[in-house]
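Below is one structure, written out as structure tokens, with a few remarks after it.
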2 protein chains.
Amino acid sequence: MDKELLHTKLVREVIAMIASGKYSDGTRLPAERKLCEQFQLSRGTVRQAFYDLEKLGIVKIRAGSGAYVQKISQKKLPTHLLPPDFSKVTLTDIIYARKAIETAAITLACEKISISQLEQLEQLIEKMEQSKDNLLEFLKLDTQFHQFIIHASGNMPLVTAFEAIAEYHKYSQVFSSLYEEEVKIAIKYHKKMLLALKLRNARNAAKAIMKHLEHTEQITNMAKQKDIAV
Amino acid sequence: MDKELLHTKLVREVIAMIASGKYSDGTRLPAERKLCEQFQLSRGTVRQAFYDLEKLGIVKIRAGSGAYVQKISQKKLPTHLLPPDFSKVTLTDIIYARKAIETAAITLACEKISISQLEQLEQLIEKMEQSKDNLLEFLKLDTQFHQFIIHASGNMPLVTAFEAIAEYHKYSQVFSSLYEEEVKIAIKYHKKMLLALKLRNARNAAKAIMKHLEHTEQITNMAKQKDIAV
DNA sequence: AATATTGGTATATACAATATACCAGTTTAC
DNA sequence: GTAAACTGGTATATTGTATATACCAATATT
């Protein structure tokens, strides 16, 4: 049975943070001592994780200054830091699984979602519109929106299943470029979902999330074709 | 960040083995030294796990003889040994999630499954028929059948999602009695799935797995009503 | 009755992780 | 520009998990 080392777990966490777009190329990571508080770890453990990250070429450490995020390529990451069989997984696979889980979830959510939850979704969409030009921020909000719907389903197994595949989704984001203009279209789909949820129309809600995911697949694949650094 | 202790992991593994029906009430668990080989752990670690299991009332240890499985009740198990929010999860929730994931998987499997894989499924069904009176064995084969189909889909995210919720399913089995006569009906559904897979008829395959899961939900809920020990 | 197997106990060792303290270089604030 | 605050770099003592090994006593097996 494998022993899970804490510093290795932290390496995964940091890669996931970078993957989720929270820290992009060139950004400085939080100071070692900050991460100690954040993850409740000793500094030695955090330093070990940073050492590994530098060896992997994911960050460049400058004494007295901080750890700066470098460009990641999938080749750099050893398999034990990636989700299982990650190399065999295509974006199409991920979207297919998300469709299955998220349509099931939004159908349930149509019955169960509360008024205050609907308001929160409304606010998320507002934030999205304000972040039209900040793509990283937009992607974060998009992820939040989807997570929110899954939770609104009130079905824990679906939540667990979604989180399990979210790992793939997060990681796949690091290795592909981002799109630009399609943000507006994505917002349109989110509005459709919200409307269907308000009207408790499960059929339309499922249809909207389905089309949204298909759209996401298309534009991400297009972005990959003109991709430079991988 | 939580450190995952090896002996705690082993406790989870053993509970899962009991939950899956591999070791039932009164059975003797494998000897400490056997488990050391099986899980590649030192004896001290295995002993620590056994000590925890005895404290939890899950096994009774007899010196010089072995560790014997006791009746488990959900109350005995601390939350960190259960899947997340397990107490809030109903069988209906689990079946709902399984429907979403497994219909998606069997649809893909209809395209991708190979001849030799179909033969393996055929053999599984044969074994099921031979295990009509051995319910524990039958349940094990049923689980294998479903896992096999998920893997035949060739979609890793679906596999990951299924494994994530399988945890709930396994655990829920410990806390409910088993059914008796419905085995034949279950076999009938599995034959329908196999036939649909052979004919590459995705629609019928999905329909068969759907009905099978609905049937499973019904009989398990019935069994729960006349349940004695929980 | 003899032998093999089982859990029970003890001990030495390796190493991950914590907790502290101090240094030297960089950044920030005044 | 200088002082203060913050950053990574280094060293050390300590705790606790897990390994490896050996031997004992009770139980099962032959």
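Below, chain A is the first sequence line, B the second, and so on; all start at residue 1. Reckoned from all heavy atoms, side chains included, excluding hydrogens, waters and symmetry mates.
Between A/Thr45 and A/Gly64, the residue anchored closer to the 5' end of DNA chain C is A/Thr45, taking for each the nucleotide with the nearest heavy atom. A residue-by-residue look at B/Arg47 and A/Lys3 shows that B/Arg47 has its nearest nucleotide of DNA chain C further toward the 5' end. Remark on DNA chain D: of its neighbouring residues B/Tyr68 and B/His7, the 5'-side contact belongs to B/His7, judged by nearest-heavy-atom nucleotide. Residue-to-nucleotide proximity on DNA chain D shows that, of B/Thr8 and A/Ala67, the 5′-proximal contact is made by A/Ala67.
Remark: P of D/dA18 and CZ of B/Phe39 are 15 Å apart, rounded to the nearest angstrom. Between the CG atom of A/Leu6 and the P atom of D/dA18 there is a distance of 11 Å, rounded to whole Å. Rounded to a whole Å, the NZ atom of B/Lys60 is 13 Å from the P atom of D/dT27. Between the P atom of D/dA18 and the CE atom of A/Met1 lies a distance of 10 Å, rounded to the nearest Å. What separates CG of A/Leu53 from C1' of D/dG8 is a distance of 15 Å, to the nearest Å.
On the nucleic acid side, DNA chain C has its first and last nucleotide under 4.0 Å of a heavy atom of chain A at C/dA16 to C/dT27, going 5' to 3'.
Between the CG atom of A/Leu35 and the CG atom of A/Leu41 there is a distance of 8.5 Å, given to the nearest 0.5 Å. Considering CZ of A/Phe162 and OG of A/Ser153, their distance stands at 10.5 Å, rounded to 0.5 Å. Distance check, rounded to the nearest 0.5 Å: NZ of A/Lys22 to CG of A/Leu29 gives 10.5 Å. In this structure, the separation between CD1 on B/Ile94 and CG on B/Leu213 is 11.5 Å, given to the nearest 0.5 Å. Here the straight-line distance linking atom NE2 of A/His212 with atom NE2 of A/His146 works out to 3.0 Å at 0.5 Å rounding.
Residue pairs meeting the side-chain hydrogen bond (donor to acceptor under 3.5 Å, both in side chains) criterion with at least one member in residues 120-130 of chain B, sequence neighbours excluded, are B/Glu122-B/Lys198, B/Glu129-B/Lys191.
Using a 4.0 Å heavy-atom criterion, one finds that A/Arg43 contacts the bases of the nucleic acid, with or without backbone contacts as well. Using a 4.0 Å heavy-atom criterion, one finds that B/Arg33 contacts the bases of the nucleic acid, with or without backbone contacts as well.
A perpendicular orientation is assigned to the rings of A/His190 and A/Phe145, their planes being inclined by more than 60° (bins at 30° and 60°).
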